[in-house]
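Naming convention: chains lettered A, B, ... in sequence-line order (proteins, then strands); numbering from 1 in each chain.
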Amino acid sequence: MPELPEVETVRRTLLPVVLHKPITAVSVFTHRIVQNRPLEQFQELLVGRSFTDLIRRGKYLIFSVEGGLELIAHLRMTGRLIYYSSPDLPLAKHTSAVFSFGEGGELRFEDVRKFGTLDLVPQGEYQSVKGLYTLGVEPLSDEFSLGFFQELLLGRKTKIKALLLDQTKIAGLGNIYADESLFQAGIHPERSAHSLTAEEVQRLHAAIKEVLELAIAHQGTTFRDYRTGYGREGSFQNQLRIYGKKGADCPRCGVQLEYRKVAGRTSHFCPACQREQP
DNA sequence: AAAACCGCCTGTCGGC
DNA sequence: TGCCGACAGGCGGTTT
């Protein structure tokens with residue numbers, strides 16, 4: 001579910017309300033969510049300590065914890081991290097964990113499909129969190145330059161869509177924003193990476209940054225499950241041009257949009273604006 | 001290196 | 001209306 005813009009929105013909305021508040025209790029209702037150490041130890045290490053910072057890497061949220069620890073959260077498909085100022089509200093049906101701040105409210109991890117994860121690690125030691133350890137570059141950072149992107153595509157025969165979804169290359173793109181970026185750049189998802197012209201590479205590079213930034217400005221895309229840290233819906237679903245629009249007309253040329261499985265994922269594209277054979 | 005599977009879960013939707 | 005399979009925004013693991 002949540003991709004970079006959604007996770008970044010959760011970060012920004014939680015940042016003002018969860019830092020510097022001692023954790024008074026940690027309740028875990030879905031034990032499997034805690035990945036890398038016994039539940040008791042997980043709770044003991046957190047209770048009495050505060051979060052001191054919250055950053056994002058790809059689709060991961062990393063809470064700094066007093067005492068040189070980091071709490072790493074991944075929402076996977078349906079996870080939500082929502083701050084509640086009062087503990088009186090009944091728990092949602094699929095609540096996986098609750099971090100209580102006493103009078104300071106509580107942070108709840110809600111997750112219908114229970115794929116979401118929590119890891120507590122010594123600061124910077126990510127070896128046990130494989131996806132984070134092997135994560136590629138941040139697409140909104142300076143490191144993701146045109147030159148970097150050109151080199152990434154060079155000589156790679158893999159389909160461009162598959163490459164965009166590969167978190168070890170670029171961190172944070174998922175199915176929605178990969179499709180939206182490819183549409184904006186006018187590139188078919190099944191083109192092989194190395195077949196893109198210099199101009200296409202430039203367009204796709206720019207499109208990725210623009211789409212992600214615009215989605216963040218709209219607090220992400222809510223189809224069903226995603227909520228901000230305040231529990232509110234995003235609004236970028238109203239700005240989508242191609243994702244989930246099967247059968248609709250292309251907003252650019254009016255031709256009927258198509259979709260097919262690419263790299264195991266439903267992929268939307270305009271057969272006229274995004275040519276399979278350039 | 002890359003693709004094609006499966007599994008993890010629950011809910012929803014479309015077809016019959 | 002009910003049932004049943006397909007499918008969903010992610011990712012790790014295995015096999016080819």
Side-chain angles (χ1 to χ4, degrees), chain A residues 1-10 29-36 56-61 72-81 92-97 109-119 126-136 151-182 189-195 211-212 215-216 218-228 233-240 242-247 259-268:
Chain A
M1 155 200 198
E3 307 178 28
L4 187 152
E6 288 75 34
V7 179
E8 177 61 21
T9 301
V10 171
F29 305 102
T30 304
H31 290 206
R32 204 163 22 78
I33 193 176
V34 176
Q35 296 276 295
N36 70 333
R56 179 192 56 75
R57 274 286 283 129
K59 301 172 194 170
Y60 289 86
L61 284 168
I72 298 160
H74 197 302
L75 304 173
R76 297 291 170 113
M77 299 282 267
T78 58
R80 301 169 169 175
L81 274 169
K93 183 178 176 188
H94 298 289
T95 303
S96 291
F109 196 134
E110 302 168 354
D111 189 358
V112 169
R113 289 171 74 178
K114 299 179 174 66
F115 293 167
T117 58
L118 292 172
D119 288 88
Y126 301 146
Q127 293 89 335
S128 64
V129 189
K130 192 170 173 273
L132 178 57
Y133 191 60
T134 60
L135 209 55
E151 209 157 303
L152 186 63
L153 270 53
L154 208 65
R156 287 189 196 275
K157 291 181 186 170
T158 192
K159 291 169 183 165
I160 186 63
K161 169 92 184 253
L163 188 139
L164 294 183
L165 292 175
D166 184 345
Q167 302 299 299
T168 70
K169 308 291 191 300
I170 303 170
L173 285 176
N175 209 25
I176 295 175
Y177 299 109
D179 277 6
E180 290 291 318
S181 299
L182 287 166
E190 292 184 293
R191 294 274 304 282
S192 74
H194 75 283
S195 77
V211 166
L212 291 177
I216 291 172
H218 287 267
Q219 277 103 202
T221 300
T222 297
F223 279 132
R224 180 185 315 283
D225 297 287
Y226 161 70
R227 294 293 183 279
T228 73
E233 298 187 358
S235 65
F236 196 68
Q237 63 277 11
N238 303 318
Q239 313 294 322
L240 295 174
I242 189 112
Y243 185 84
K245 309 272 185 196
K246 52 182 75 165
Y259 68 97
R260 68 177 74 150
K261 288 267 183 202
V262 180
R265 321 291 297 281
T266 300
S267 301
H268 307 75

Inset, instruction - Only counting residues at least two apart or in another chain, list the ones meeting side-chain contact (heavy atoms from CB on, under 4.5 Å) with A:Val129. - result: A:Tyr60, A:Ile72, A:Asp119, A:Val121, A:Leu132

Please name all residues satisfying ring pair (Phe, Tyr, Trp, His ring centres under 6.0 Å) with [X], sequence neighbours left out, ordered by chain then number.
X        : answer
A:Phe29  : none
A:His218 : A:Phe236
A:Phe115 : none

Legend entry - Under-4.0 Å side-chain N/O to phosphate OP1/OP2 contact, A:Tyr243 with C:dG9: yes

Legend entry - Partners passing side-chain hydrogen bond (donor to acceptor under 3.5 Å, both in side chains) against A:Glu8 (at least two apart in sequence or in another chain):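 If we apply the side-chain hydrogen bond (donor to acceptor under 3.5 Å, both in side chains) test to A:Glu8, skipping adjacent residues, the hits are A:Arg11, A:Arg12, A:Arg56.
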
Legend entry - Those residues that, when tested against A:Thr117, pass side-chain hydrogen bond (donor to acceptor under 3.5 Å, both in side chains) (two or more places apart): none

Legend entry - Residue met sooner reading DNA chain B from 5', once A:Gly155 and A:Lys114 are mapped to nucleotides: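 Comparing both residues, the 5'-ward one is A:Gly155.
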
Inset, instruction - Encode nucleotides 11-16 of chain C as B, S and - characters from 5' to 3', where the letter depends on protein heavy atoms closer than 4.0 Å: B to the base, S only to sugar-phosphate, - to neither. - result: SSS---

Inset, instruction - Could you give me the CA-CA distance, side-chain angles and deciding distance for A:Tyr243 and A:Asn175, then say whether side-chain contact (heavy atoms from CB on, under 4.5 Å) is met? - result: CA-CA 8 Å; A:Tyr243 185 84; A:Asn175 209 25; 3.8 Å; yes

Residue list, salt bridge (Lys or Arg N to Asp or Glu O under 4.0 Å) with [X], at least two apart or on another chain:
X        : answer
A:Lys159 : A:Glu190
A:Lys59  : none
A:Lys169 : A:Asp166

Inset, instruction - Using the P atom as the reference point in each nucleotide, state the distance between C:dG9 and B:dG14 in Å, no decimals. - result: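 C:dG9 and B:dG14 have their P atoms separated by 16 Å.
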
Inset, instruction - Using the P atoms only, state how far C:dC11 lies from B:dG11, rounded to an integer number of Å. - result: 22 Å

Legend entry - A:Phe223 atom CZ, over 12 foreign heavy atoms within 6.0 Å: yes

Legend entry - Interface limits on DNA chain B, where chain A has a heavy atom under 4.0 Å of a nucleotide atom: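 In short, chain A contacts DNA chain B from B:dA2 to B:dT12.
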
Legend entry - Touch class at under 4.0 angstrom, heavy-atom based, for A:Thr221 against every strand present: base

Inset, instruction - In whole angstrom, give the distance that lies between atom CZ of A:Arg227 and atom P of C:dG9. - result: 17 Å

Inset, instruction - Quick one: stems involving DNA chain C, counted as three or more successive Watson-Crick or G-U pairs, both distances short of 3.5 Å. - result: B:2-8 with C:10-16, B:10-16 with C:2-8

Legend entry - Donor/acceptor link under 3.5 angstrom from A:Arg224 side chain onto base of C:dA8: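 Under the 3.5 Å cut-off, the side chain and the base do not form any donor-acceptor pair.
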
